[in-house]
Amino acid sequence: MDIQFSVVIPLYNKEEFVAQTLKSVVGQTYQNFEVVIVNDYSNDNSLDVVKAIDDHRIKIIEHSENKGLSASRNTGISAATHTHIAFLDADDYWDSTFLETIVNLIKEYPDESVFATHYRENYNDKFFIPKSNLPISSKGKTFLVRDFFEINLGRLILTQSCIVVHKTVFEQIGYYDENVTFAEDIDFYIRCFHTYNLAYYNDVCHTQNAAISGSITNSVSHKKTFPKLHKYLNDSDSLDKFINFYTYCIYRRMKNESARKEMRVYRKQIKFNSLTVLQVLFIYLPLPFYLFLIRVKKRLLNKGYHVSSY
């Protein structure tokens with residue numbers, strides 16, 4: 001089986017990180033790929049860094065204006081010449097065996113169309129593997145996730161930088177919603193895993209740089225456009241719980257930023273009986289005390305301790 005990948009990398013002002021990102025791709029143990037860089041009108045030296053890397057498999061597409069992450073991914077999907085599309089953000093990087101691991105998944109599950117591995121998070125050079133609802137006994141093993149929504153009522157078991165999607169999936173469910181400027185991955189997962197299983201390897205093959213200024217983790221979110229998750233309700237019990245949980249997560253983002261108006265909007269949408277006691281407590285905590293706890297959490301992260309209510 002001749003498996004070829006198109007690696008799609010959206011690029012916007014990541015001059016400090018994109019060299020490491022590309023190095024992690026070029027250094028893969030599996031070498032049958034092209035790299036599609038979509039420069040989303042960067043105004044730093046990101047493009048010069050990319051051009052300095054001499055590899056004939058790298059092709060660059062430039063937007064004439066800043067269109068956003070979803071549009072950049074869509075441009076890359078349209079330009080991809082291979083059937084399996086691997087996504088990688090320009091400030092993240094892969095372990096050298098990532099593509100080889102995906103190849104093994106494809107061979108093991110030839111009837112599947114979506115593949116992924118677990119990941120680690122990097123907070124200022126302190127690394128954490130997010131806890132998930134996956135059984136401990138599944139570590140280091142491959143398996144099919146048939147109900148994505150049930151297993152992801154907590155920290156996601158994947159990111160957009162460790163997922164590989166067969167191009168026919170986008171023909172079936174549509175591309176990324178370009179009107180969504182925050183949590184576009186959640187919107188995509190709902191549409192994707194409503195139809196498809198996930199072939200998964202439960203071990204780390206990717207690093208997400210979670211503490212970088214300007215990353216999705218740190219960017220101000222209350223002025224952005226979130227997906228209208230409630231339009232997907234009433235399809236299945238697990239999906240409804242998934243939507244309720246991520247509505248809670250969006251509410252928490254608003255509370256982190258003291259966006260009181262937006263907090264009220266999302267709080268009205270949450271079904272409290274689907275949350276844990278601790279999650280409900282975080283909703284009811286007075287804002288000053290809540291923000292104090294968030295500051296404590298950040299200090300603990302800087303000292304190498306990772307705590308989470310999820």
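Since this is a predicted model, take the numbers as computed values, not measurements. Sequence positions, counted from 1, serve as the residue numbers for this chain.
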**Prompt:** Name the one of Ile163, Asp177, Val180 that satisfies side chain to side chain contact (heavy atoms under 4.5 Å, CB included) with Phe188?
**Reply:**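 Among the candidates, only Ile163 passes.
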**Request:** Not counting sequence neighbours, list each pair that qualifies as a salt bridge (charged side-chain N to carboxylate O under 4.0 Å, His left out) and has a residue in residues 283-297.
**Result:**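 For residues 283-297: none.
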Partner set under ring-ring contact (aromatic ring centres under 6.0 Å, His included) for [X], not counting sequence neighbours:
X: Tyr251; value: none
X: Phe149; value: Phe242
X: Phe289; value: none

**Nearest-0.5 Å distance that lies between atom OG in Ser113 and atom NE2 in His166** =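 Ser113 atom OG to His166 atom NE2 measures 6.5 Å (nearest 0.5 Å).
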Can you name the residues that form a salt bridge (Lys or Arg N to Asp or Glu O under 4.0 Å) with [X], not counting sequence neighbours?
X: Arg252; answer: none
X: Arg264; answer: none
X: Arg120; answer: Asp95

**Asked** Are Asp203 and Thr101 close enough that some pair of their side-chain heavy atoms sits under 4.5 Å apart?
**Response**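 No - every pair of side-chain heavy atoms lies 4.5 Å or more apart.
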Closest contact, heavy atoms only, [X] versus [Y]:
X: Ile60; Y: Leu47; result: CG2-CD1, 3.7 Å
X: Ile9; Y: Asp89; result: CG2-C, 4.4 Å
X: Ser78; Y: Tyr175; result: OG-CE2, 3.5 Å

**Message:** Classify the ring geometry of Phe148 against Tyr189: parallel below 30°, tilted from 30° to 60°, perpendicular beyond 60°.
**Reply:**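 Aromatic pair Phe148/Tyr189 classed tilted.
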**Prompt:** Where does the angle between the aromatic ring planes of Phe170 and Phe87 fall among parallel (under 30°), tilted (30 to 60°) and perpendicular (over 60°)?
**Reply:**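 Because their plane-to-plane angle is over 60°, the rings of Phe170 and Phe87 count as perpendicular.
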Greater than 12 external heavy atoms within 6.0 Å of [X]'s [atom1]:
X: Arg146; atom1: CZ; result: no
X: Lys261; atom1: NZ; result: no
X: Tyr305; atom1: OH; result: no
X: Gln31; atom1: CD; result: yes
X: Tyr41; atom1: OH; result: no
X: Arg260; atom1: CZ; result: no
X: Lys167; atom1: NZ; result: yes

**Request:** State plainly whether one hydrophobic cluster holds both Val26 and Val49, where clusters connect Ile, Leu, Val, Met, Phe, Trp and Tyr through side-chain heavy atoms under 4.5 angstrom apart.
**Result:**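 Hydrophobic grouping puts Val26 apart from Val49.
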Salt bridge or not between [X] and [Y]? Use side-chain N to carboxylate O under 4.0 Å.
X: Lys23; Y: Asp55; value: no
X: Glu257; Y: Arg253; value: yes
X: Lys126; Y: Glu121; value: no

**Asked** Quick one: which of Tyr109, Phe115, Phe143, Tyr119 gives a ring pair (Phe, Tyr, Trp, His ring centres under 6.0 Å) with Tyr200?
**Response**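 Exactly one option meets the ring pair (Phe, Tyr, Trp, His ring centres under 6.0 Å) with Tyr200, and it is Phe143.
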**Message:** Under 6.0 Å between ring centres: does that hold for Tyr284 and Phe272?
**Reply:**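 Centroid distance Tyr284-Phe272: below 6.0 Å, so yes.
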Suppose we screen for side-chain contact (heavy atoms from CB on, under 4.5 Å). Which residues come up paired with [X], at least two apart in sequence or across chains?
X: Lys223; value: none
X: Asp44; value: Asn13, Glu15, Ser42, Ser46
X: Lys59; value: Glu34, Val36, Thr81

**Item:** Connected hydrophobic set around Ile129, excluding itself, where side chains approach under 4.5 Å
**Value:**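 Val204, all in the cluster of Ile129.
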**Asked** By the rule that ILVMFWY residues connect when side-chain heavy atoms come within less than 4.5 angstrom, directly or transitively, which residues belong alongside Tyr93?
**Response**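 Same cluster as Tyr93: Phe127.
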**Request:** Start with the C-alpha distance between Glu184 and Arg73, add both sets of side-chain angles, then the distance that settles salt bridge (charged side-chain N to carboxylate O under 4.0 Å, His left out), and finish with yes or no.
**Result:** CA-CA 11 Å; Glu184 76 292 329; Arg73 286 181 178 143; 3.0 Å; yes
